[in-house]
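Convention: sequence-line order gives letters A, B, ...; per-chain numbering from 1.
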Number of protein chains: 2
Amino acid sequence: MSITETQSHFLENYDIHEFDIPLTSVDMTIFTIEDDLLKVLLVKRAQFPAKGEWALPGGFINLKSDGTLNDTVSRKLKEKTGVEISHLEQVATYGSAVRDPRGWSVTIAYMALILNENITLISDESSEEVVWLPIGDIQDNYQLAFDHNVILADSYQRLKNKVQYTSLPINLLPQTFTLSELQKTFELILGYNIEKKSFRRRLLAAEIIVETGEMRVGSNRPAKLYCAKASSKEHFFQRSIEGPRN
Amino acid sequence: MSITETQSHFLENYDIHEFDIPLTSVDMTIFTIEDDLLKVLLVKRAQFPAKGEWALPGGFINLKSDGTLNDTVSRKLKEKTGVEISHLEQVATYGSAVRDPRGWSVTIAYMALILNENITLISDESSEEVVWLPIGDIQDNYQLAFDHNVILADSYQRLKNKVQYTSLPINLLPQTFTLSELQKTFELILGYNIEKKSFRRRLLAAEIIVETGEMRVGSNRPAKLYCAKASSKEHFFQRSIEGPRN
DNA sequence: TGACTTAGTGTCTTTGTGTCACTATTATAA
DNA sequence: TTATAATAGTGACACAAAGACACTAAGTCA
């Protein structure tokens, strides 16, 4: 037999269930800004295990319909929020014998940023409630299912790190925005204030946003509106942005 | 029934094989420095699928003996090289319906740095050959099994990125080393030369290495020997190190 | 009209890196 | 013994980008 024939033979007789393999799922930390707070989407689980507990949304890969892991995650997000993702990235994969009572399990954790506009959260048979909760509130007062507190903390840390040297927060704002609004978004995530002049210099020098010509009018002096260049929703700066030195 | 009793009942009747779950494995890109070259460990697969092809080392989780994913990876590394890892980090997780001919599969990719000293590579029933190959050579001339060329490229990119703003290369050197040796290691990985003065200023200012008091004698002027502080094998610098401006 | 608020700028300081010529200390070979 | 090459290590200025902060600009609201 040739190598190819032998391999075909091998595959015909291959039974995936013959070996012990871990349960494998995806989970996601979906961030948005609402009422000047950084919030995360949580679901109350309607099924065992961890029935009735708060958890990050997630689920199993559909081996029939999902071609890739990204398909699985996009599908899950759409099931809960009905919207497209603005920014999605893998954070880390967690696997151990004890993190799920059903046995050895692996979960691939993602972080997503979405714009909070016209979103209606959707419950289904797997989740009896779906809500946005402020990140600080969750970390202080919520005991999440499985190891989701750890996953949440890691995702938040990743977000904070990236906000120090990328333009990620643009993904949390609408099409057009003022520099003050953008700075406010950075500050909400980082948890400290940024010097106005440094911030503006940095963003304008990067040439990743463009004046629309319109102004935001409302309270006090009108502000220039900007929109992001298509390719610049994840611009990497050369240096990190710092907080106040004293 | 209470919630707890109901959950026990659920678990007793839970059969992991009832659902379709993907095949889940780990793969690792193990880097070392040998003969002034950055090299990666490859194995020639002795088993189907991809029998006879070169691949990154990896394998399945042992649900009995491995408590965590890290256990799996450490075990695999020890099987091939017999040594402990100096630095290990998760790079990314790859999953799709087509990356493995056996069906839907997920692999969690790790990157490891090890010191190339007194290592004897070990073949076993799963790999008929185990070798160190220069990274450039692999990328130019080797068609690896599965999607391992992509995994290798991503791992190498991660390494290069981190070398620009961390002290990772310390993990590729012995206990004591000179600043020139350390600089050479940075340059090998980055692929460009660093200005000597900038490099030394940066490392000394970070206070992550200490003079041992000994000198490396040999050719020409003796050089001070340094050793890394325990906690500083992954120091993060505030700014990236750059190549020459022109 | 004047106080208040938010938008946006001018400019000096600070920090860390790039550049590059210079000194220092050894091996090696004439 | 001395010159030369090679590697180790430093001094000093230039430059880039961020921090600090006072200032001007243009609106709202009483």
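Glu128(A) and Arg45(A) are not joined by a salt bridge, as no carboxylate oxygen comes within less than 4.0 angstrom of a charged side-chain nitrogen.
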Show the numbers, then the answer: is there a salt bridge (Lys or Arg N to Asp or Glu O under 4.0 Å) between Lys39(B) and Asp137(B)?
CA-CA 9 Å; Lys39(B) 296 189 176 180; Asp137(B) 207 16; over 6 Å; no

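dA25(D) atom C1' lies 20 Å from atom CZ of Arg216(A), rounded to whole Å. To the nearest angstrom, C1' of dG9(D) lies 10 Å from CE of Met215(B). Atom P of nucleotide dT14(C) and atom CD of Gln238(B) are separated by 18 Å, given to the nearest angstrom. Separating the CZ atom of Arg202(B) from the P atom of dT10(D) is a distance of 18 Å, rounded to the nearest angstrom. Regarding Arg239(B), its CZ atom lies at a distance of 17 Å from the P atom of dT14(C), rounded to whole Å. Distance Tyr165(B) OH to dG16(C) C1': 19 Å, rounded to the nearest Å. Atom-to-atom, CG of Asn193(A) to P of dT6(C) comes out at 14 Å; the value is rounded to the nearest Å. Atom OH in Tyr192(A) sits about 12 Å away from atom P in dA20(D), given to the nearest Å.
Gln175(A) CD: 12 or fewer foreign heavy atoms inside a 6.0 Å radius.
Residue Ser180(A) places at least one side-chain N or O closer than 4.0 Å to OP1 or OP2 of dA7(C).
The distance from atom OH of Tyr165(B) to atom OH of Tyr165(A), rounded to the nearest 0.5 Å, is 5.0 Å. Atom CD1 of residue Ile138(B) and atom CG of residue Leu42(B) lie 4.0 Å apart, to the nearest 0.5 angstrom.
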Dump the pairs, protein N or O against N or O of nucleotides 2-6 of chain D, anything under 3.5 Å, distances to one decimal.
residue : atom : partner   : partner atom : Å
dA6(D)  : O3'  : Asn220(B) : ND2          : 3.4

Within the sub-3.5 Å range, which N or O atoms of nucleotides 9-11 of chain C have a protein N or O partner, and how far apart are they?
residue : atom : partner   : partner atom : Å
dG10(C) : N7   : Lys197(A) : NZ           : 2.6

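Applying the side chain to side chain donor-acceptor pair (under 3.5 Å) test to every pair with at least one member in residues 152-161 of chain A, sequence neighbours left out, gives these pairs: Thr29(A)-Ser155(A), Glu89(A)-Arg158(A), Tyr94(A)-Asp154(A), Gln157(A)-Asn161(A). Residue pairs meeting the ring-ring contact (aromatic ring centres under 6.0 Å, His included) criterion with at least one partner in residues 188-233 of chain A, sequence neighbours excluded, are Phe186(A)-Phe199(A). Within the structure, salt bridge (charged side-chain N to carboxylate O under 4.0 Å, His left out) contacts touching residues 200-213 of chain B (residues at least two apart or in different chains) are Glu211(B)-Lys224(B).
For His87(B), there are no ring-ring contact (aromatic ring centres under 6.0 Å, His included) partners at least two apart in sequence or on another chain.
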